[in-house]
Amino acid sequence: MGTDAENVRERLTALKAELLELSRSGREDRRPVELDQQSVGRLSRQDSLQVQAMAQAADVRRLQEVRRIDAALQRLDDGEYGWCTECGEAIEARRLEIDPASPRCAGCA
């Protein structure tokens, strides 16, 4: 495995670790909102529900990105990294610099 592949693996692994850490640290915001109207007013409860919904949506997006990273790592292991999963052509280097988990070339994206 060349230095470039090792650098890509390190970038992908670091990005995955960062996303998983963000997911772990956001658990508190995703917890169920209490129904106790005595301790939390109606507007505060609505705010809490909104924070919860946004946190859950962000977590879904993070986990989707983790799956994309895992797929890119698998392509790296299989020797298929850098090739479009749609047309089989090479993915532009600049595209991979911006998004190392990109599975498609610009034409197929």
Side-chain angles (χ1 to χ4, degrees):
M1 184 177 297
T3 305
D4 288 340
E6 291 170 13
N7 289 339
V8 168
R9 182 177 302 284
E10 286 175 17
R11 273 184 73 195
L12 289 168
T13 303
L15 183 57
K16 179 179 175 179
E18 181 182 338
L19 290 167
L20 291 174
E21 179 56 33
L22 283 170
S23 185
R24 276 190 289 278
S25 67
R27 270 192 205 131
E28 182 68 21
D29 289 335
R30 293 188 312 269
R31 76 186 187 324
V33 176
E34 302 272 330
L35 293 176
D36 183 5
Q37 291 291 329
Q38 300 292 338
S39 63
V40 179
R42 188 171 146 252
L43 292 177
S44 295
R45 184 169 186 283
Q46 284 179 314
D47 288 342
S48 296
L49 287 170
Q50 184 177 16
V51 166
Q52 177 193 41
M54 290 186 320
Q56 288 171 341
D59 197 49
V60 166
R61 286 190 303 276
R62 279 191 294 270
L63 294 178
Q64 288 171 338
E65 187 63 17
V66 167
R67 284 193 292 274
R68 276 180 15 96
I69 291 168
D70 285 340
L73 289 168
Q74 185 63 52
R75 288 191 304 277
L76 199 57
D77 290 343
D78 295 343
E80 297 174 3
Y81 181 81
W83 300 98
C84 179
T85 58
E86 294 289 320
C87 69
E89 295 296 319
I91 299 172
E92 302 80 5
R94 181 72 178 131
R95 183 171 177 80
L96 290 173
E97 285 175 28
I98 294 169
D99 179 9
S102 182
R104 294 180 195 88
C105 67
C108 292

Between A106 and E92, what is the shortest heavy-atom contact and its length?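 Result for this residue pair: N-OE1, 3.3 Å.
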
What's the shortest heavy-atom distance between A101 and A72, and which atoms?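 Reported closest heavy-atom pair: CA-CB, 3.8 Å.
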
Can you tell me how far the [atom1] atom of [X] sits from the [atom2] atom of [Y], to the nearest 0.5 Å?
X	Y	atom1	atom2	result
C105	E89	SG	CD	7.5 Å
D70	R75	CG	CZ	10.5 Å
L76	I69	CG	CD1	12.5 Å
E18	T13	CD	OG1	13.0 Å

Single-linkage hydrophobic cluster W83~L73, side-chain heavy atoms < 4.5 angstrom: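 Hydrophobic grouping puts W83 apart from L73.
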
For the hydrophobic clusters of this structure (ILVMFWY residues joined by side-chain heavy atoms under 4.5 Å, transitively), does one cluster hold both M54 and L49?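 Different hydrophobic clusters.
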
Polar side chain donor-acceptor pair, R62 to S23, under 3.5 angstrom: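 On atom types as modelled, these side chains do not qualify, holding no pair under 3.5 Å.
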
Electrostatic pair [X]:[Y] at N-O distance under 4.0 angstrom:
X	Y	value
R104	D99	no
E6	R9	no
R68	E65	yes

Kindly indicate whether the side chain of L12, heavy atoms from C-beta on, has any atom under 4.5 Å from the side chain of K16.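 Not in contact.
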
Are any non-hydrogen side-chain atoms of R11 and N7 less than 4.5 angstrom apart?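 No, every pair of side-chain atoms sits at 4.5 Å or beyond.
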
With side-chain contact (heavy atoms from CB on, under 4.5 Å) as the criterion, how do L20 and R24 come out once you've worked through the C-alpha distance, each side chain's angles and the decisive distance to 0.1 Å? CA-CA 6 Å; L20 291 174; R24 276 190 289 278; 4.0 Å; yes

Atom CD of E97: over 12 foreign heavy atoms under 6.0 Å: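 Yes.
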
